[in-house]
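Have a look at this one before I ask anything.
Order of the sequence lines sets the chain letters (A, B, ...), proteins ahead of strands, with each chain counted from 1. The structure displayed is predicted, hence computed values, not measured ones.
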Amino acid sequence: MDYNFNEIEKKWQDYWREHKIYKVDIDTSKPKFFVLDMFPYPSGAGLHVGHPLGYIASDIYSRYKRLKGFNVLHPMGYDAYGLPAEQYAIQTGTHPAITTEKNIARYREQLDKIGFSYDWSREVRTSDPKYYKWTQWTFIRLFESWYNKKAGKAESIASLIAEFENHGNSSIDAACSETPGFSALEWKIKSEKEQQELLMNYRLAFLANTMVNWCPELGTVLANDEVSEGFSVRGGHPVERKLMKQWLLRITAYSDRLLSGLDTIEWPESLKDIQRNWIGKSVGGSMLFDLSGKDEKIEVFTTRPDTIFGATFMVLAPEHELVQHITTSEQKQEVETYVKRTKNRSERERMSEVKKVSGAFTGAYALNPFTNKEIPVWIADYVLMGYGTGAIMAVPAHDSRDFAFARHFELPIVQVINQRGNEPSDPSLWEESYDSKEGILINSGQFNGLEVKKAILAIVGECENREIGHGKTNFRLRDAIFSRQRYWGEPFPIYYKEGMPYAMDEKQLPLELPAVDAYLPTEYGEPPLARAKNWQTTEGYPIETNTMPGFAGSSGYYLRYMDPQNTQEYFSKEAVGYWENVDLYMGGAEHATGHLIYARFWNMFLFDIGLAVKQEPFKKLINQGMIQGRSSMVYRANLEKMAEYLLWEQLKNKQLGVDFVQDFRDGRRKFDFFSEEAKLIIEVKRMGALEKLADYYIDYSNEKGYRLLLIPIREFVDDFQGIINKIKTAINGGDFPVFEEKEAFKAGNVFVSKNIRGREFFSDPIHTDISLVHNDILDTEGFKNWQPHLSNAHFILEDGKYVCGWEVEKMSKSKYNVQNPDELIEKYGADTLRLYEMFLGPLEQSKPWDTQGIEGVFRFIRKLWRLYHNEMNELSISEEKATKNELKALHKTIKKIEEDTERFSFNTAVSAFMIGLNELADLKCNKREILEPLTILISSYAPHIAEELWMLLGYNESVVIQQFPVLNESYLIEDTFSYPVSFNGKTRFKIDLPFTMDAKGVEEAVLHSEEAQKWIEGKSIKKIIVVPQRIVNVVV
RNA sequence: GCCCGAGUGGUGGAAUUGGUAGACACGAAGGACUUAAAAUCCUUUGAUCAUUGCGAUCGUGCCGGUUCGAGUCCGGCCUCGGGUACCA
């Protein structure tokens, strides 16, 4: 073989490893660049071709930046905690660490084969005690911190205690749980336990009773982003709401910073939008409503204070604490029934019944503070306890949900916003509410005539004056639940004294995960860690038995890469001062509301306490598109349908000289085909069916004087023309057998090629393994051997081939469309795989995996090899001076590669390499002056072949540490430009003119050109547009 | 429902700022080399009409607009993909 990629790639991978080519250290003489891939979870299935897409792109960029003189940090590690290994442990008893270790080894083997430039000396694993020591350490810091809103940052709990001791909590503005006011004196006389309880309201990592997403089948709670439509994202198990005591992280303290920080980073707009929606900031007001004849007040949150005059009723969440107090005795029964019903309904049921209006009247009335009218108070499950105050003022005229509710329960609707230019109308005639914020106020007392935005301010102002409300901002973002009732995760460095949690001393970290006898909850329903022996401190205090969730370890890992071996601190000041944050983060958009928001929060906290030096962890982020599977389909024929279809194609429209009808009926009898003219009945059936029915058919046709032809399906496969001939004979009055006995063939396995006419009428698509299909042509022998029941398959071919259909779907085992990179590397080599994955299309776009084009890239690589070699596969390099054309081809390529790599347009970069190589090959260029820069140029894309060629060129230092070739624009300057000349916008011909010619000259030249005459002839010229070095357009 | 994104040959895709639509590849067809195969090379390849050649017309999801000129900008729609959902 001319170009032996197997040998070459192995050789250089070994070389890179042995010479630690990709190891980086702090080097202040060079600018730094941090390129990071999202932490993979090493699953048992290994990598499929979708995973490396982003890794290849970031690797190319890393190598490119290195050639450009940057000191590039490009690490890799493993998000090693995770449910699959634990589920496997529960089933088999294998410790998750063993499974994980095995999976990591497999991942590493696959990654190495692709030739990545990772600095493996910096590898981290979340399950490694040396690593999770710092996860636990950060948790303690969070536990020992509170968020000072006045300072806009996290501060230590010690400062809070000092403040309490001096002033109580009256002047504190903190992100905290609901806490009653207390004075310094009151603080001091509280017991330690009481003080601890109060502090818990302020800590950034805190313990609280919360409604959680409980997944009984996984036996654990899940974060909001781990649940989708009432089912767990991993595994698809049902999830229910449950009140439990859990650790939470007060991420909501950072809502505003998480939101505004988005404006400072280069992320895809769609990803920022997802985060903005998730954070869900809404600005509005909080208002207090008096209750008729009661002391209690109801607080509501609204984004539309301007519509207060239209508030004709109120709605509380069924779980609202006031419900019991205010419900009248008459309504008690109804309310209790409703509350009970909502409680028992699963999340899932609630979701599916979104459009169904339901609710109950409490019997109580509130007072609208602006209209002073009594308005009824209802409960309904469309009001959620978890958002705002769990109570709303309902403005049916201007809120679609309130509108639907009012219609259903016949509650009054009052219009208070009028769209400019429209007349106010009777809301009882409306088909929908008017929700828009455009318009002016009506029916609103002294506020009439105000525009919505001004009215909001005016009414909030009025509420503040009357001390019944104030402006308020709400966030949709919830605090992050941080406990998991699981074994395979980081233990909390927390112990309990008198039931109150205390953080362990940092010196005791890492708190290592203990051994357990089984990975299941205890018989009392405690988490698996409760099974551990002596799970207590040396003083005998019990240690927390929950473990941390998956996002704990992945929230700060990028920082640890800066200084992964450090045993004294998370990372050194020096390291973080140099590497700062991630310059390019490559990964999937599916982490938008999980990892990417937690990591930003984690980093902001570390920034507040002086560890991180940048607010935002990931400066630029690119989402690589998903690689979808491209399934191949074969079409299994329904034989009877097929036979009937094929025959009808021949019989219809008098093709055989006589009229036929299909599905002829005579009373209750039905025949496939019948010709009155030829007095002929034709019936198509399986052999067995024909044998049974033959006598019956024969009797009938004899009685009627018809002739009969019974055709077994087998004949269609064996001899279709024979059938037609037989029918022709019958029509012409000749003799023919009614039917010939043939051996029946086994049912089912006849497959029709995709483009056989009528295929869609008589076949069903079935998935087949993509490894049996090449360029949509099925390997029929392989297919027969694929599964036992296919061994007797028959094929109906087109042009001697079986053509498969295809569909784009998720890559999955059950669809037989999983492609793993190992096979491709074996067949084509890693360089080809790398180039091909990039060549497939724009990085950010989702696309189906399809190996059809890989041959083209493989040809390119071999052509590159041949440029440096003669026919005998001997190195052949000329020392001659390069020609102008050769230099132009090279520098055009340099320019394009530089531009395209900078803007992550790797698919067009690969094209540019192909174009450049085609040009150089046409010029038969083997000159060192050209090939040396070309080798460096391609080394970031195809590093193995580049290293080999670089060595063959006579160097003994790796190509990856060379300088990127410098573009010399002077080689690109053209003497002439070929102007496309269009008339009325339609391009008609081209004309070569000097590059430097001015617009006037171009115009003259075009008008005097021979070809122009044809188009000008008989018409007058209205206008000529000349864009120098672009186009000429003549308007006639 | 709401918020994003995308619709270009048989296929993946290119066209970076409004300026030659279909680069580069795959596939297909034909040919050269070869005892043969592989590999390689050459020609054709958006559609329709014309075909001896010249060519002509249409064409970037659909309808309309702006412009000398629109795949690109604007308005309205259709389809597909992603996110999110009683968030007041």
Legend entry - Lys NZ or Arg CZ of A:R600 over A:W267 ring: under 6.0 Å, within 45°: yes
Legend entry - A:R862 to A:F858, cation-pi by 6.0 Å centre distance and 45° axis angle: yes
Inset, instruction - Quick one: label A:R478 by what it contacts on the DNA or RNA (base, sugar-phosphate, nothing), any heavy atom closer than 4.0 Å. - result: nothing
Legend entry - Candidates B:A14, B:C41, B:G27 - which lies nearest the side chain of A:T908: B:A14
Inset, instruction - Could you check A:F409 against A:V357 for side chain to side chain contact (heavy atoms under 4.5 Å, CB included), going step by step and ending with a plain yes or no? - result: CA-CA 9 Å; A:F409 291 107; A:V357 178; 4.0 Å; yes
Inset, instruction - Would you indicate what A:K281 reaches in the nucleic acid, counting non-hydrogen atoms under 4.0 angstrom: base, sugar-phosphate, or nothing? - result: nothing
Inset, instruction - Output yes when at least one side-chain N/O atom of A:Q845 is less than 4.0 Å from OP1 or OP2 of B:G13, else no. - result: yes
Inset, instruction - Classify the nucleic acid contact of A:S905 as base, sugar-phosphate or nothing, counting any heavy atom under 4.0 Å across all strands shown. - result: nothing
Legend entry - Among B:G19, B:C24, B:A14, the one nearest A:N1033 by side-chain distance: B:G19
Inset, instruction - May I ask you to verify if any side-chain N or O of A:R866 is less than 4.0 angstrom from the OP1 or OP2 atom of B:C41? - result: yes
Inset, instruction - Look at the side chain of A:Y387 and decide which nucleotide, out of B:C87, B:A85, B:U16, has an atom nearest to it. - result: B:C87
Inset, instruction - Can you figure out which of B:U57, B:A85, B:C41 approaches the side chain of A:W278 most closely? - result: B:A85
Inset, instruction - State whether A:R859 places a side-chain N or O below 4.0 Å from either non-bridging phosphate oxygen (OP1 or OP2) of B:G27. - result: yes
Inset, instruction - Measure from the side-chain heavy atoms of A:S911 and tell me the nearest of B:C4, B:A23, B:A39. - result: B:A23
Inset, instruction - Give the intermediate values and the outcome of side chain to side chain donor-acceptor pair (under 3.5 Å) for residues A:S846 and A:Q628. - result: CA-CA 7 Å; A:S846 287; A:Q628 296 148 311; 5.2 Å; no
Legend entry - Syn or anti for B:G9 (syn when the glycosidic angle lies within 90° of 0): syn
Legend entry - N or O in side chain of A:R862 less than 4.0 angstrom from B:U40 OP1/OP2: yes
Inset, instruction - Measure from the side-chain heavy atoms of A:N918 and tell me the nearest of B:G19, B:A25, B:U11. - result: B:A25
Inset, instruction - Going by the side chain to side chain contact (heavy atoms under 4.5 Å, CB included) test, name the single residue among A:I945, A:I861, A:L824 that passes it with A:T832. - result: A:I861
Legend entry - Secondary-structure notation, RNA chain B, from Watson-Crick and G-U pairs under 3.5 angstrom (| other strand): (((((((..(((......[....)))((((((.......))))))((((.....))))..(((((..]....))))))))))))....
Legend entry - Donor-acceptor pair (no angle test) under 3.5 Å: A:D381 side chain, B:C86 base: yes
Inset, instruction - Name the nucleic acid region contacted by A:F860, choosing base, sugar-phosphate or nothing; use a 4.0 angstrom heavy-atom cut-off, strictly under. - result: nothing
Legend entry - From CA spacing to verdict: side chain to side chain contact (heavy atoms under 4.5 Å, CB included), A:L53, A:L840: CA-CA 10 Å; A:L53 181 75; A:L840 218 45; 5.5 Å; no
Inset, instruction - Give the C-alpha distance, both sets of side-chain angles, the deciding distance and a yes or no for side chain to side chain contact (heavy atoms under 4.5 Å, CB included) between A:T252 and A:S255. - result: CA-CA 5 Å; A:T252 52; A:S255 299; 4.0 Å; yes
Inset, instruction - May I ask you to evaluate whether A:K847 reaches the phosphate of B:G12, defined as a side-chain N or O under 4.0 Å from OP1 or OP2? - result: no
Legend entry - Closest listed nucleotide, where the reference is the side chain of A:P842 and the choices are B:C86, B:A14, B:U11: B:A14
Inset, instruction - Look at A:T303 and B:C87 and indicate whether a side-chain polar atom (N or O) is within less than 4.0 Å of OP1 or OP2. - result: no
Inset, instruction - Between A:S282 and A:L840, just flag the one whose closest nucleotide in RNA chain B comes earlier from the 5' side. - result: A:L840
Inset, instruction - Could you check how far CD of A:E269 sits from P of B:C4, rounded to whole Å? - result: 10 Å
Inset, instruction - Among B:C68, B:C24, B:U40, find the nucleotide with the atom closest to the side chain of A:I1025. - result: B:C68
Inset, instruction - Using a heavy-atom cut-off of under 4.0 Å over every strand shown, decide if A:V1027 touches base, sugar-phosphate, or nothing. - result: base
Inset, instruction - Verify the contact: side-chain N or O of A:R476 to OP1 or OP2 of B:A88, cut-off strictly under 4.0 Å; return yes or no. - result: no
Inset, instruction - With rounding to the nearest 0.5 Å, note down the distance linking CZ in A:R903 to OG1 in A:T901. - result: 10.0 Å
Legend entry - Output field: ring centroids A:F313/A:W378 closer than 6.0 Å: no
Legend entry - Residue A:D399, side-chain heavy atoms: nucleotide from B:A14, B:C87, B:A88 that is nearest: B:A88
Inset, instruction - Just compare B:C4, B:U20, B:C68 and give me whichever is closest to any side-chain atom of A:D273. - result: B:C4
Inset, instruction - Using a heavy-atom cut-off of under 4.0 Å over every strand shown, decide if A:I392 touches base, sugar-phosphate, or nothing. - result: base
Inset, instruction - For A:Q852 and for A:V1035, find the nucleotide of RNA chain B with the closest heavy atom, then tell me which residue's nucleotide is more 5'. - result: A:Q852
